[in-house]
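As structure tokens, the structure follows; a few thoughts come after it.
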Amino acid sequence: MSTPNIENRQPGSHEIGVVANPNAVSDALVKLCRDLAVQGTPAELLVPLELVLAEVMNNIVEHAYSDHSTGEIAVEVNLEGPSVRCRLRDQGQAMPGLQLPREKEFNLANIAVEDLPEGGFGWSLIHSLAYDLEYERKDGENRTSFRIDLAS
């Protein structure tokens, strides 16, 4: 899929079908954020939205489809006043323990740059920017949802 399939159902409502690979995720995020910006969505909402969607979608690509199976990520984005609600579905492998990873705490003041972990910051970033973060496995699908609020 070279161009992500983004459907505008109603103003502020988008559905996206994205092939589960890093390039398709990147292309979909660019197009979605451009479309939302054209509709007048403030940058203060778009920046955290793009960060969280990128982290969640890339985690799906890297972990849910880690067995190299091809799949798709279905993304629904709905503007709700000063917030945006997102729902993602995929048919990849379930989350370990059927739950979202917990937020990790890093004491960066006491870690030398060369000793910083290479990864593991993604879910902490997601937890710090998103609200009402939920995950369930239902009917062979992973279903993840969250809300991003307009910075006040």
Side-chain angles (χ1 to χ4, degrees), residues 1 3-66 69 71-108 117-152:
M1 175 188 286
T3 304
N5 179 22
I6 298 179
E7 297 178 21
N8 294 328
R9 295 188 339 233
Q10 54 184 300
S13 179
H14 300 268
E15 284 189 16
I16 310 165
V18 183
V19 173
N21 74 54
N23 291 333
V25 166
S26 180
D27 291 346
L29 287 170
V30 167
K31 182 164 179 15
L32 174 65
C33 289
R34 184 179 60 233
D35 289 353
L36 289 169
V38 166
Q39 291 180 354
T41 305
E44 296 85 13
L45 190 55
L46 286 176
V47 171
L49 172 64
E50 185 174 12
L51 283 170
V52 173
L53 277 174
E55 285 294 333
V56 173
M57 292 171 74
N58 283 312
N59 276 322
I60 291 169
V61 170
E62 185 176 346
H63 300 291
Y65 292 110
S66 65
S69 61
E72 188 170 282
I73 305 168
V75 182
E76 182 181 330
V77 176
N78 294 295
L79 294 173
E80 299 173 350
S83 299
V84 62
R85 162 98 31 216
C86 297
R87 293 176 183 87
L88 296 91
R89 295 185 332 271
D90 69 82
Q91 295 179 338
Q93 299 173 59
M95 287 270 197
L98 297 177
Q99 59 187 1
L100 290 170
R102 295 181 187 264
E103 182 175 7
K104 293 180 184 176
E105 292 187 28
F106 297 96
N107 185 354
L108 299 178
E118 191 169 314
F121 294 99
W123 280 104
S124 292
L125 177 70
I126 293 165
H127 282 282
S128 71
L129 294 174
Y131 298 91
D132 301 333
L133 188 57
E134 297 178 357
Y135 167 80
E136 72 173 335
R137 177 81 177 182
K138 186 174 181 180
D139 300 328
E141 285 186 333
N142 296 307
R143 298 177 182 185
T144 306
S145 63
F146 60 88
R147 187 184 86 239
I148 303 285
D149 290 337
L150 184 62
S152 49

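Since this is a predicted model, take the numbers as computed values, not measurements. Along the sequence shown, residues carry numbers from 1.
- Between Leu53 and Leu88, the closest side-chain pair of non-hydrogen atoms falls below 4.5 Å.
- In this structure, Ala20 and Val61 approach most closely via the heavy-atom pair C-CG2, 3.6 Å.
- Nearest heavy atom pair, residue Ala43 against residue Pro48, reads O-CD, 4.3 Å.
- Among residues two or more places apart in sequence or in another chain, the side chain to side chain donor-acceptor pair (under 3.5 Å) test is passed with Arg87 by none.
- Annotation for Ala28 and Val18: closest pair CB-CG2, 3.6 Å, computed over non-hydrogen atoms.
- To the nearest 0.5 angstrom, Leu49 atom CG is 6.0 Å from Phe146 atom CZ.
- Every residue two or more places apart in sequence or in another chain that forms a side chain to side chain donor-acceptor pair (under 3.5 Å) with Ser66 is listed here: Gln93.
- Annotation: salt bridge (Lys or Arg N to Asp or Glu O under 4.0 Å) contacts of Glu62 (sequence neighbours excluded): none.
- Between the CE atom of Met57 and the CG atom of Asn21 there is a distance of 10.0 Å, given to the nearest 0.5 Å.
- For Leu45 against Pro82, the heavy-atom pair with the smallest separation is CD1-O, 4.3 Å.
- When all heavy atoms of Gln99 and Met95 are compared, the pair lying nearest together is O-CB, 3.5 Å.
- For Asp90, the side chain to side chain donor-acceptor pair (under 3.5 Å) criterion is met by Asn142, not counting sequence neighbours.
- Contact annotation: the side chain of Val56 never approaches that of Tyr135 to less than 4.5 Å [non-hydrogen atoms, C-beta and beyond].
- Expressed to the nearest 0.5 Å, how far SG of Cys86 lies from NE2 of His14 amounts to 10.5 Å.
- Leu46 and Cys33 get closest at one heavy-atom pair: CD1-O, 3.9 Å.
- Here Ile126 contributes atom CD1 and Asn59 contributes atom CG; the two are 5.5 Å apart, rounded to the nearest 0.5 Å.
- A search for side chain to side chain donor-acceptor pair (under 3.5 Å) contacts involving Tyr65 returns nothing, not counting sequence neighbours.
- Here the side chain of His127 pairs a donor or acceptor atom with the backbone of Pro101 at under 3.5 angstrom.
- For Arg137, there are no salt bridge (Lys or Arg N to Asp or Glu O under 4.0 Å) partners at least two apart in sequence or on another chain.
- The distance from atom CD of Glu44 to atom CG of Asp149, rounded to the nearest 0.5 Å, is 13.5 Å.
- Note: Leu36 CG to Lys31 NZ = 10.0 Å, rounded to the nearest 0.5 Å.
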